[in-house]
2 protein chains.
Amino acid sequence: MPHPDQLNAFITAAETGSFSAASRRLKKAQSAISNAIINLEIETGVELFDRSKRSPVLTEEGETLLRSAYSIMESHHDFISRAMALNAGEESHLCLAIEQNVSAQPLMELLIVFEEKYPHIELELLDPGTSDVPSLLRSGRADLGLMMEQEHYPKGFLFRGIGHSRKLPVCSRHHPLAKLDQVDHSDLRRYRQLVPRSLDLEDKSHEEQILSPKVWYAESPFVIAEVLSAGLGWASLHEAVVKEQLEQGTLVALKRTYQQDASLQGVDVVWSRHKPLGKGGQWLLNECFKLNVS
Amino acid sequence: MPHPDQLNAFITAAETGSFSAASRRLKKAQSAISNAIINLEIETGVELFDRSKRSPVLTEEGETLLRSAYSIMESHHDFISRAMALNAGEESHLCLAIEQNVSAQPLMELLIVFEEKYPHIELELLDPGTSDVPSLLRSGRADLGLMMEQEHYPKGFLFRGIGHSRKLPVCSRHHPLAKLDQVDHSDLRRYRQLVPRSLDLEDKSHEEQILSPKVWYAESPFVIAEVLSAGLGWASLHEAVVKEQLEQGTLVALKRTYQQDASLQGVDVVWSRHKPLGKGGQWLLNECFKLNVS
DNA sequence: CTCAACCTATCTATAAATCAGATAGAAACT
DNA sequence: AGTTTCTATCTGATTTATAGATAGGTTGAG
């Protein structure tokens with residue numbers, strides 16, 4: 001089990017080409033370097049340097065082991081840099097919950113910077129279907145969340161708007177509603193409505209969206225989009241969810257008579273007051289403030 | 001710079017879930033483990049274990065650093081296993097020169113086993129064009145060679161036949177010779193002959209192959225095959241070189257009147273008496289003996 | 001050829017770190 | 001309440017690491 005000081009002596013002696021020079025660089029006595037390397041040679045049973053010349057030269061075997069020694073030192077540096085990062089307040093794990101209705105795309109550029117800035121933090125991404133971000137935060141499963149704005153956040157939650165998302169009534173292009181130029185409430189009421197609903201039975205926020213008496217629920221808006229694509233029913237979905245299908249023409253947006261075609265809903269970044277964020281979470285939060293999601 | 005003993009104590013304490021158990025497994029005093037871990041905590045500034053319960057449990061930060069510690073220990077084990085391998089007589093580098101005329105395919109299965117058996121040996125493969133294997137061995141550039149048998153090997157070379165290779169007279173299917181049912185020497189003499197010739201000007205072994213007065217040379221038989229494919233001249237090439245082109249029909253083998261269509265030439269494995277092979281080279285040599293190249 | 005400069009190995013005394021054993025206090029289980 | 005098992009800490013003995021001095025070898029210049 002080679003001592004790190006021995007490896008350091010070995011490496012700097014190899015780099016400087018002389019034990020004395022290594023002793024000067026490491027600010028140790030020359031005898032210390034000599035002993036370190038001789039001990040390393042004894043312990044490994046390998047002659048690392050050829051001392052027949054004035055200055056020692058690496059043997060072929062020494063060169064092989066040198067590379068291995070560098071690898072050990074890199075592991076060591078990773079260890080201490082991880083420790084320093086934790087020491088400086090970086091969390092070791094950061095869990096980000098992004099509601100599926102929110103476009104994750106503007107975050108991606110942030111994450112690339114994040115990866116460089118905090119290489120030691122393990123990032124975890126969750127994509128809960130509908131308004132389950134608060135429960136993930138409450139249980140501590142997630143540290144930071146992105147979700148559509150709610151009327152009331154539970155106590156202990158902090159939030160801040162970072163943009164808006166368009167919500168559109170959509171159906172398949174083959175659906176009877178798609179044939180109409182304009183639709184009003186009575187049109188919509190005749191057909192099955194698909195409503196995103198949280199896993200959490202306590203959450204009643206979906207109720208105010210219900211127009212039609214014929215309702216089906218799904219947790220994920222993407223699943224709803226698939227049901228719609230099959231020609232079944234209509235739903236009010238966020239642009240980020242149905243963007244591709246609208247472009248492909250699989251789904252079409254409905255024009256409403258009395259309302260705006262699209263209603264704008266705010267996008268919030270949410271976090272808990274009780275679980276303090278580490279350096280990485282703080283940075284990410286701050287960067288989210290600068291975003292303008294649309 | 002964490003001491004390996006500290007890391008070992010950290011790791012086994014984490015694995016056993018107790019400092020005392022770790023002390024028993026490592027055959028040290030319990031106080032040694034306790035001290036090691038406390039010192040590690042002081043040096044890193046990170047609390048690794050939560051001691052509020054009877055047995056210590058890893059903190060979240062401890063878990064992160066534990067993985068890093070494992071990585072260090074793996075580097076260490078790699079280091080000592082490399083050292084042990086060198087110690088046991090394994091070379092750190094093995095250079096294998098396979099003349100292009102020799103099919104490398106039967107070697108590949110060997111190399112797969114070699115990679116598992118000697119993971120620390122850096123293998124280098126050279127593919128000299130024609131009869132340059134001896135010079136690579138003489139200069140020490142290569143340790144082991146595969147080549148077509150020669151009449152005389154220089155002094156200090158050891159060799160052993162390991163199979164045979166068919167040598168065929170070939171030309172493009174569009175070449176005038178390809179139109180003939182059989183060819184004799186006078187036919188061949190009328191057309192340009194391409195002859196493989198060593199880089200080494202001292203090497204005269206190509207001369208006996210020359211039939212036609214119109215000769216071009218090339219070092220690589222593959223280059224010759226390309227020239228032939230373009231429709232220019234004929235050459236006597238080894239099966240391994242032109243196998244694909246014969247199958248594709250780009251090149252055709254010529255039938256000779258008075259000679260056998262194909263002449264068999266031995267394949268030798270060659271090495272130097274003066275540069276002793278390491279364990280890996282010896283093993284590879286021995287396995288080559290068991291081969292039967294054809 | 002000789003000398004000066006620079007290198008490494010080795011010795012020695014001292015400073016430092018390590019370790020085992022003993023002990024005390026906390027937690028868990030009976 | 002008693003027993004077991006655990007960790008932290010203290011202490012003295014042992015081991016280890018280190019600086020400094022010295023001897024001997026290599027290199028290159030004069």
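Computed from a predicted model, the values in this text were never measured in an experiment. By convention in this document, chain letters (A, B, ...) are assigned in the order of the sequence lines, proteins followed by strands, and residues within each chain are numbered from 1.
With hydrogens and angles left out, the side-chain atoms of A/Ser198 and A/Asp200 include no donor and acceptor closer than 3.5 Å.
When every heavy atom of A/Leu65 is checked against every heavy atom of B/Ala83, the shortest pair comes out as CD2-N, 3.8 Å. Taking all atoms of both residues into account, the shortest heavy-atom contact from A/Ser23 to A/Ser20 is OG-O, 2.5 Å. Taking all atoms of both residues into account, the shortest heavy-atom contact from B/Tyr118 to B/Lys279 is OH-O, 3.7 Å. Taking all atoms of both residues into account, the shortest heavy-atom contact from A/Leu144 to A/Val269 is CG-CG2, 4.4 Å. Here the closest non-hydrogen pair linking A/Glu219 and A/Thr130 is O-OG1, 2.7 Å. Nearest heavy-atom pair, B/Ile72 versus B/Leu7, reported as atom, atom and distance to 0.1 Å: CG2-CD1, 3.6 Å.
Classification of the A/Phe114-A/Trp283 ring pair by plane angle, with boundaries at 30° and 60°, yields tilted. Taking the six-membered ring where the residue is Trp, B/Trp271 and B/Phe289 present tilted rings, their angle falling between 30° and 60°. Ring orientation note: the planes of A/Phe157 and A/Tyr153 are close to parallel, at an angle under 30° on the 30°/60° scale.
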- [ ] Verify side-chain contact (heavy atoms from CB on, under 4.5 Å) between A/Leu107 and A/Leu96, making sure each step is shown before the conclusion.
- [x] CA-CA 11 Å; A/Leu107 255 187; A/Leu96 203 54; 4.1 Å; yes
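Interface residues of residues 47-62 of chain A facing DNA chain D, ordered by number: A/Ser52, A/Lys53, A/Arg54; criterion, heavy-atom separation under 4.0 Å. For residues 14-35 of chain B, proximity to DNA chain D is found at B/Ser18, B/Phe19, B/Ser20, B/Arg24, B/Gln30, B/Ser31, B/Ser34, defined as any non-hydrogen atom under 4.0 angstrom from a strand atom.
Using a 4.0 Å cutoff to heavy atoms of chain B, the contacted part of DNA chain C runs 5' to 3' from C/dC19 to C/dA28. Of all nucleotides in DNA chain D, those with any atom nearer than 4.0 Å to a heavy atom of chain A start and finish, going 5' to 3', at D/dT18 to D/dT27.
A donor-acceptor contact shorter than 3.5 Å is absent between the side chain of B/Ser71 and the backbone of B/Arg67.
Summarising the local packing, CD of B/Glu43 is surrounded by more than 12 heavy atoms from other residues, nucleotides or ligands at distances under 6.0 Å.
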Contacts table for residues 25-39 of chain B: side-chain donor-acceptor under 3.5 angstrom, sequence neighbours left out:
| residue | atom | partner | partner atom | Å |
| --- | --- | --- | --- | --- |
| B/Arg25 | NH1 | B/Glu15 | OE1 | 3.0 |
| B/Asn35 | ND2 | B/Ser31 | O | 3.3 |
| B/Asn39 | ND2 | B/Asn35 | O | 3.2 |

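Terminal axes of the helix from C/dC1-D/dG30 to C/dT30-D/dA1 (five pairs each, C1' rotation axis) are separated by 30°, to the nearest 10°.
Between A/Glu91 and A/Lys275, none of the side-chain N atoms (NZ, or NE/NH1/NH2) sits under 4.0 Å from a carboxylate O, so this pair counts as no salt bridge.
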